[in-house]
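Values below: all heavy atoms of this structure, side chains included; hydrogens, waters and symmetry mates excluded. Heads up: numbering here begins at 1 and tracks the sequence.
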Amino acid sequence: MKISRYRTALMGFATLWIWYFHCGTMLFENSDGLIHGIAWYIKRNGFCGVDIFMLLSGIGLYYHFKKKEIHGVKDYFAYIKKRLYRIYCVFLPVTIIIAYAQNWTFRTFVGNITTYNNFRYNIYSYLWYIAAIIALYIIAPFYFFIFNKRKHYITFTSIVILLEVASLFVFKKYLREDLSALFNRVPVFTLGFCIGRLEYEDAWKKPVAYIIAAISTIGGVIYTYCLNTDRIASFIPAQNALANIFVAFGIVLLLPVLFYLLDKLMAGRGIVRVICFFGTISLEMYCYQEFIESKVSMHYVSFKGDFVCFAITFAMSCITYFAIKLFSRQKKQTN
């Protein structure tokens with residue numbers, strides 16, 4: 001299978017799921033029974049798309065560090081510079097547009113663009129995922145340095161994840177509750193490194209891995225459904241986000257198989273290409289979607305509003321993506 005292509009398609013799937021969670025009207029809202037329950041769960045649990053991104057980031061970073069290991073301060077800052085450039089080449093122009101449209105003060109703009117407001121006041125103050133992924137990028141090389149030296153890395157990962165979850169439980173009284181959105185994603189990011197190493201060393205026993213992934217997905221869906229419907233009490237802030245580690249793990253392993261099968265069909269190949277493109281513009285879609293939805297919802301409601309919101313978000317994302325691509329190409333030619 002073309003792993004990199006299907007990983008991009010996974011990003012596209014996660015992007016569309018997150019958009020639906022933030023901006024979409026629930027499908028089959030007036031139905032009853034099982035159909036309503038499934039539709040409600042898909043809408044309610046759309047933030048699992050973030051966990052898919054976190055897991056893919058961990059996998060991708062393991063491959064990156066194996067190809068370009070960090071041996072000193074110079075390598076570390078070169079890595080940070082490259083990562084920040086990839087984020088800020090989208091994050092900065094989008095934020096300038098939103099700041100102008102929202103009439104922000106200069107102080108608000110600086111606080112949001114530096115992610116200071118996220119950590120100082122509320123993680124959700126502005127595009128929290130950006131603040132979260134930057135923080136994880138900063139610590140990732142240090143974790144890789146320790147993780148890569150472990151011979152029994154699956155056992156090591158299991159212990160680390162258990163310690164991370166235990167820490168969330170122990171420090172929940174002292175942790176600002178909104179920050180749980182970040183800290184509850186650390187275990188799934190950690191798991192990504194383990195999956196990345198299993199793939200890199202070709203240590204997967206694929207039939208067994210797929211069976212485990214299927215069990216993980218089914219168990220995760222049941223667990224998160226029970227949490228979302230208060231059938232199980234939450235002992236950790238935003239425990240339903242933490243529980244998505246099981247769903248994200250299953251989706252990341254199983255969905256590429258579906259994309260692979262679709263890719264063999266004439267019509268399916270086109271679907272995969274479209275989903276891949278959404279993966280390519282995933283950061284642009286994330287940065288624009290809630291801002292545009294807030295403006296559109298003032299004038300349109302229900303599915304008409306969804307269509308307008310999606311169309312504008314997609315158009316703005318494409319314009320930004322191709323503008324950045326053109327700028328980067330001209331910059332390379334100049335250099």
Side-chain angles (χ1 to χ4, degrees), residues 14 18 21-22 40-41 43-58 61 107-108 110-147 150 154-194 216 219-250 286 290:
I18 292 168
F21 170 71
H22 282 143
W40 177 86
Y41 177 83
K43 168 69 174 171
R44 175 67 180 81
N45 217 53
F47 56 89
C48 182
V50 173
D51 299 276
I52 293 171
F53 273 113
M54 292 291 186
L55 191 57
L56 291 174
S57 294
L61 281 174
R107 182 175 181 178
T108 301
V110 172
N112 284 340
I113 201 68
T114 60
T115 72
Y116 172 80
N117 289 343
N118 298 91
F119 293 103
R120 177 64 180 85
Y121 301 111
N122 191 300
I123 194 70
Y124 296 110
S125 61
Y126 179 66
L127 298 180
W128 77 270
Y129 174 76
I130 302 294
I133 202 65
I134 288 174
L136 291 173
Y137 280 160
I138 289 170
I139 65 171
F142 302 102
Y143 177 73
F144 174 81
F145 179 77
I146 299 169
F147 171 77
R150 305 279 76 81
I154 297 176
T155 303
F156 175 77
T157 301
S158 302
I159 293 170
V160 170
I161 290 175
L162 285 172
L163 288 173
E164 287 168 348
V165 174
S167 298
L168 289 168
F169 180 79
V170 171
F171 294 109
K172 68 175 183 176
K173 292 182 180 179
Y174 311 100
L175 180 66
R176 211 174 69 209
E177 190 167 350
D178 62 278
L179 286 174
S180 60
L182 167 56
F183 289 105
N184 280 7
R185 265 51 186 245
V186 174
V188 75
F189 186 71
T190 303
L191 179 62
F193 276 83
C194 187
S216 179
V221 167
I222 294 170
Y223 183 27
T224 51
Y225 181 83
C226 290
L227 282 168
N228 291 337
T229 53
D230 296 323
R231 285 174 168 82
I232 298 176
S234 295
F235 297 102
I236 300 169
Q239 187 178 342
N240 50 351
L242 179 63
N244 275 335
I245 188 173
F246 301 107
V247 182
F249 170 72
Y286 169 73
E290 288 188 87

Kindly compute the distance separating CG (Leu127) from CG (Asn112), expressed to the nearest 0.5 Å. 8.0 Å

Could you work out, with ring pair (Phe, Tyr, Trp, His ring centres under 6.0 Å) as the rule, every residue matching Phe119, not counting sequence neighbours? none

Of all heavy-atom pairs between Val247 and Gly220, which one has the smallest distance, and what is that distance? CG2-C, 3.5 Å

Pair Trp128, Asn122 - check side-chain contact (heavy atoms from CB on, under 4.5 Å), show working. CA-CA 9 Å; Trp128 77 270; Asn122 191 300; over 6 Å; no

More than 12 non-hydrogen atoms from neighbouring residues, nucleotides or ligands closer than 6.0 Å to CZ on Phe169, yes or no? no

CZ on Phe246 to CD1 on Ile222, rounded to 0.5 Å: 12.0 Å

Heavy-atom side-chain contact between Tyr126 and Asn117 under 4.5 Å: no

With the side chain counted from C-beta on, respond yes when Phe156 and Val160 share a heavy-atom pair under 4.5 Å apart, and no when they do not. yes

Determine the minimum heavy-atom distance between Cys48 and Ala248, stating which atoms define it. SG-N, 4.1 Å

Which heavy-atom pair separates Pro187 from Val165 by the least distance, and what is that distance? CG-CG2, 4.4 Å

One should read off an interatomic distance between Phe249 CZ and Ile245 CD1, to the nearest 0.5 angstrom, of 9.5 Å

For Tyr223, check ring pair (Phe, Tyr, Trp, His ring centres under 6.0 Å) against everything at least two apart and list the hits. none

Please report the shortest heavy-atom distance between Leu136 and Val186, naming the atom on each side. CD2-CG2, 4.1 Å

On a heavy-atom basis, which atom in Gly250 and which in Ser216 lie closest, and how many Å separate them? N-OG, 4.3 Å

Any residue meeting salt bridge (charged side-chain N to carboxylate O under 4.0 Å, His left out) with Arg176, in chain and number order, not counting sequence neighbours: Asp178

State, yes or no, whether a side-chain contact exists between Ser57 and Ile133 at a heavy-atom distance under 4.5 Å. yes

Just to verify, what does Phe21 make a ring pair (Phe, Tyr, Trp, His ring centres under 6.0 Å) with, not counting sequence neighbours? Phe47

Mind checking whether Tyr143 and Phe147 have parallel, tilted or perpendicular rings, split at 30° and 60°? parallel

Is there any salt bridge (charged side-chain N to carboxylate O under 4.0 Å, His left out) pair reaching into residues 179-193, and which pairs are they, with sequence neighbours excluded? Asp51-Arg185

Evaluation steps, side-chain contact (heavy atoms from CB on, under 4.5 Å), between Asn45 and Asn244: CA-CA 9 Å; Asn45 217 53; Asn244 275 335; 2.9 Å; yes

Take Tyr129 and Met54, measure what side-chain contact (heavy atoms from CB on, under 4.5 Å) needs, and give me the verdict at the end. CA-CA 10 Å; Tyr129 174 76; Met54 292 291 186; 3.8 Å; yes

Taking every heavy atom of Ala181 against every heavy atom of Ile123, the minimum-distance pair comes out as CB-CG2, 4.4 Å

Does either side chain, that of Thr224 or that of Tyr41, offer a donor lying less than 3.5 Å from an acceptor on the other one? yes

A side-chain contact here means heavy atoms from C-beta on lying under 4.5 Å apart; do Arg44 and Tyr225 qualify? no

Taking the side chain as every heavy atom from C-beta outward, state whether Leu168 and Ser180 have any pair of such atoms under 4.5 Å apart. no

Kindly compute the distance separating CD1 (Ile134) from CG (Leu182), expressed to the nearest 0.5 Å. 11.5 Å

Pairwise distance CD(Glu164) to CZ(Phe189) - rounded to 0.5 angstrom: 10.5 Å

Enumerate the residue pairs fulfilling salt bridge (charged side-chain N to carboxylate O under 4.0 Å, His left out) with a member in residues 113-126, sequence neighbours excluded, ordered by first and then second residue. none

CZ of Phe171 to CG of Leu179: how many Å apart, nearest 0.5 Å? 14.0 Å

